[in-house]
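Note on naming: letters A, B, ... go to the chains in the order of the sequence lines (proteins, then strands), and numbering restarts at 1 for each one.
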Amino acid sequence: MSPQFVDFDGDGHLDIVAGTFSGSPHLALGGKEGFAQPTQILDGGGQRIVLNQFWNYETKEWDSTQRSDAAAGLPEGHGTSAIAFDWDADGDLDLLIGDYKSGRIFRRVNEGKPGAPRFAGINLPVLIGEEPLAIPGRIETLRPVDWDADGRIDLVCGSVEAKNPRSVPAGVYWVRNAGERGAPRFEAPRALITAVAELRPPPALPFGGFYPDAFDVDGDGDLDLVVGAKGHWDEPARELTETERARKAQIERDLEELEGTIETSLETLDQGLQRLGEDSEEAKALVETHQAQFRPLFERQTKLREEQDGLTFGRKEGYFVWLFERQ
Amino acid sequence: MPTQLFLSILTTFCGSSVATTSAQETPATAGERTPVPVARFAPPVLLLAGDEPMGKRRLYPSPVLQDMNGDGRADVVLGDLWGRITVAPRLAGEGAPRFGKDEPLLTRDGEPIDFANW
C-alpha cells in the first residue's frame with residue numbers, strides 16, 4: 001500500500017491515492033479540516049476499478065473478472081498499486097495500476113475533466129513498442145517522477161521477487177519516458193537498486209519487497225531514493241551467559257504455552273462464528289470479546305519474541321527504511 | 001555509533017555492490033546514440049524515526065516524502081501492510097537528515113486513517 005499525495009479532485013487540497021491488496025485503488029479526500037477516510041475509486045460506470053483478481057467484500061472471498069481486459073486471453077492480474085498521473089496532458093489525472101502478479105502496468109484513461117473524473121472501464125497495458133512493459137519481479141510501488149530531469153515524467157517502480165521463477169530479483173527500477181508531453185514513450189526498465197542477496201554483518205541491507213520514493217532529501221539538486229524494504233543481516237554469534245541460556249529456554253517454554261493458548265482461543269472463536277453466522281450481531285459481539293482477550297496475549301507474545309530475538313544469532317530479517325543518497 | 005564509523009562500515013561492506021549495480025551504463029535504446037547513465041548512490045543509510053529504526057514493527061513499510069506540517073521540510077509518511085499511515089517529521093538542523101518519532105495520520109474526525117489494505 002503506497003500512498004501518493006496528489007490533488008485528485010482539483011480543489012487545491014492534497015488527497016491521498018493508494019492501491020490496496022483488495023485489488024482496487026482508494027482515495028482519501030483532503031480538505032481544510034484534514035483527510036476523510038478512504039473510499040474506493042470507481043469507474044465511470046460506477047464499478048470497482050480492478051485488473052482481474054479482487055477481494056469480494058460481499059462474498060468475503062477472492063474473486064476474478066475479465067470485464068476490464070483490453071483483449072481476450074490475457075494473463076490474470078492483481079492490481080495492488082496505483083498512482084494518479086496525467087498521461088495524456090489533458091489537465092485531468094489518469095490512473096496507472098501496477099500488477100502484483102507480474103511486472104506489468106496498466107492505464108485507466110480519465111474521460112472526464114479536472115475535478116470531475118470519469119475513468120474508462122478498460123485497462124490499457126503500458127507498452128514498450130508493441131510489447132507490454134514488464135518490470136522485473138512483481139510490482140509493489142509506482143512513482144511518477146522526472147528522474148533524469150529532462151522535463152518528461154518517468155516512472156520509478158519498486159518490485160518484489162517473482163514467484164516463478166524466484167530467481168528474478170526484486171529492486172527499484174527506472175522506466176525512462178522518451179516521448180513527448182501527452183504521449184509518453186517508455187523505454188526498457190533500468191535497475192537503480194537490486195536486492196542484496198548475500199548475508200552480511202549488521203546493519204541490515206534490503207533484499208526484498210521494495211517500496212521507493214524519489215525526493216531530494218539532501219537538498220543538493222538531484223533526486224535521492226528513500227526505500228522501504230525487507231532487510232537481512234548476519235548477527236554475529238556470541239557466547240551466552242548461564243543466566244541468558246536459562247532465560248532463553250524459559251522464553252521458549254513460555255512462547256509455546258502462550259501460542260497454544262492463542263491457537264485454542266482462535267479455534268473457539270472460529271467455531272462460535274460458524275455457529276452464529278459471521279454477520280450476526282452476536283458474532284460481532286463475540287469478536288469484540290475475543291479481541292479484548294487477544295490483545296494482552298499478542299502484546300506478551302511480541303515482548304517475548306523481542307527478548308528472544310536479542311538472544312539468538314545468525315540470519316535475521318526485518319523491515320526498515322533506507323536513504324540512498326544520489327552522488 | 002558515531003556517524004562516520006557507521007558510514008565507513010557501510011562503505012566497507014556495502015559500497016562496492018551498491019555502487020557497481022548503480023554505475024553500470026545501459027545499452028543505448030533504439031534511436032539514441034549515447035548510453036543513458038544510471039545513477040550512482042552512496043551506501044544506504046538506515047533512517048530512524050526518533051530513536052527507533054524507521055519501519056520497525058511495521059510490515060512492508062512504504063515511504064513517501066511530503067511536507068505535512070508546513071514547515072518547509074519534507075516529512076516521511078509511511079504506509080504499511082495493514083493500510084495505516086504514520087508521519088515522521090523531518091527535524092531541523094544541518095547534516096544527515098533526522099526524523100522525529102512517527103505518529104498516526106488522523107482523519108478530520110480524529111481517527112487513524114485506515115486504507116484497510118489487508
Visitor: Which residues from residues 69-78 of chain B are near chain A, with near meaning under 4.5 Å between non-hydrogen atoms?
Guide: Ala74(B), Val77(B), Leu78(B)
Visitor: Name the option with the most non-hydrogen atom pairs under 4.5 Å to chain A; the candidates are Leu59(B), Leu48(B), Val64(B).
Guide: Val64(B)
Visitor: Using a cut-off of under 4.5 Å on heavy-atom pairs, state which of Lys32(A), His26(A), Lys230(A), Glu306(A) scores highest against chain B.
Guide: Glu306(A)
Visitor: Assess whether a salt bridge exists between Arg305(A) and Glu307(A), defined as any Lys/Arg side-chain N lying under 4.0 Å from an Asp/Glu carboxylate O.
Guide: no
Visitor: Picking from Arg143(A), Gln37(A), Glu140(A), which has the most non-hydrogen pairs under 4.5 angstrom with chain B?
Guide: Gln37(A)
Visitor: Answer yes or no on whether Arg58(B) is positioned over the face of Tyr319(A), meaning its NZ or CZ is under 6.0 Å from the six-membered ring centre and within 45° of the axis.
Guide: no
Visitor: Can you find a side-chain donor-acceptor pair between Arg138(A) and Ser159(A) that sits under 3.5 Å?
Guide: no
Visitor: Considering only heavy atoms, which portion of Ser22(A) lies under 4.5 Å from any heavy atom of chain B: side chain, backbone, both, or neither?
Guide: backbone
Visitor: With a 4.5 angstrom heavy-atom cut-off, which part of Phe215(A) approaches chain B: side chain, backbone, both or neither?
Guide: side chain
Visitor: Top residue by heavy-atom pair count (under 4.5 Å) with chain A, among Pro53(B), Pro61(B), Gly55(B)?
Guide: Pro61(B)
Visitor: Is there a donor-acceptor pair closer than 3.5 Å between any side-chain N or O of Ser24(A) and the backbone N or O of Ile49(A)?
Guide: yes
Visitor: At a heavy-atom distance under 4.5 Å, which candidate from Ala36(A), Gly209(A), Pro206(A), Gly318(A) has the highest pair count against chain B?
Guide: Ala36(A)
Visitor: Would you say that more than 12 heavy atoms from the other residues, nucleotides or ligands in this model lie under 6.0 Å from the CZ of Arg108(B), or not?
Guide: yes
Visitor: Is there side-chain contact between Val17(A) and Pro3(A), with at least one heavy-atom pair below 4.5 Å?
Guide: no
Visitor: Flag the pair Asp224(A) and Arg326(A) as a salt bridge only when some basic side-chain nitrogen lies within less than 4.0 angstrom of an acidic carboxylate oxygen.
Guide: no
Visitor: Any salt bridge between Asp148(A) and Arg176(A), counting N to O under 4.0 Å?
Guide: yes
Visitor: Do you know which of Gln4(A), Glu325(A), Glu33(A) has the most heavy-atom pairs with chain B at a distance under 4.5 angstrom?
Guide: Glu325(A)
Visitor: Heavy atoms only, distances under 4.5 angstrom: which of Thr107(B), Asn117(B), Leu47(B), Ile85(B) has the most pairs with chain A? Name it, please.
Guide: Asn117(B)
Visitor: Can we call the ring centroids of His78(A) and Phe21(A) under 6.0 Å apart?
Guide: yes
Visitor: Checking heavy atoms, do the side chain of Val227(A), its backbone, both or neither come under 4.5 Å from chain B?
Guide: backbone
Visitor: Please flag which part of Leu14(A) lies under 4.5 Å from any non-hydrogen atom of chain B: side chain, backbone, both or neither.
Guide: side chain
Visitor: Using 4.0 Å as the upper bound for N to carboxylate O, is an ion pair formed by Lys101(B) and Glu52(B)?
Guide: no
Visitor: Can you tell me which portion of Trp55(A) sits under 4.5 Å from chain B's heavy atoms? Options are side chain, backbone, both or neither.
Guide: neither
Visitor: Hey, is Glu198(A) close enough to Arg200(A) for a salt bridge, meaning N to O under 4.0 Å?
Guide: yes
Visitor: What option among Thr302(A), Val226(A), Thr141(A) has the most heavy-atom pairs under 4.5 Å with chain B?
Guide: Val226(A)
Visitor: Keeping Asn177(A) on the side-chain end and Ile153(A) on the backbone end, is there a donor-acceptor pair under 3.5 Å?
Guide: yes
Visitor: Counting only heavy atoms closer than 4.5 Å, note whether Pro97(B) contacts chain A via side chain, backbone, both or neither.
Guide: side chain
Visitor: Would you find a donor on one side and an acceptor on the other, under 3.5 Å apart, between the side chain of Asp80(B) and the backbone of Arg84(B)?
Guide: yes
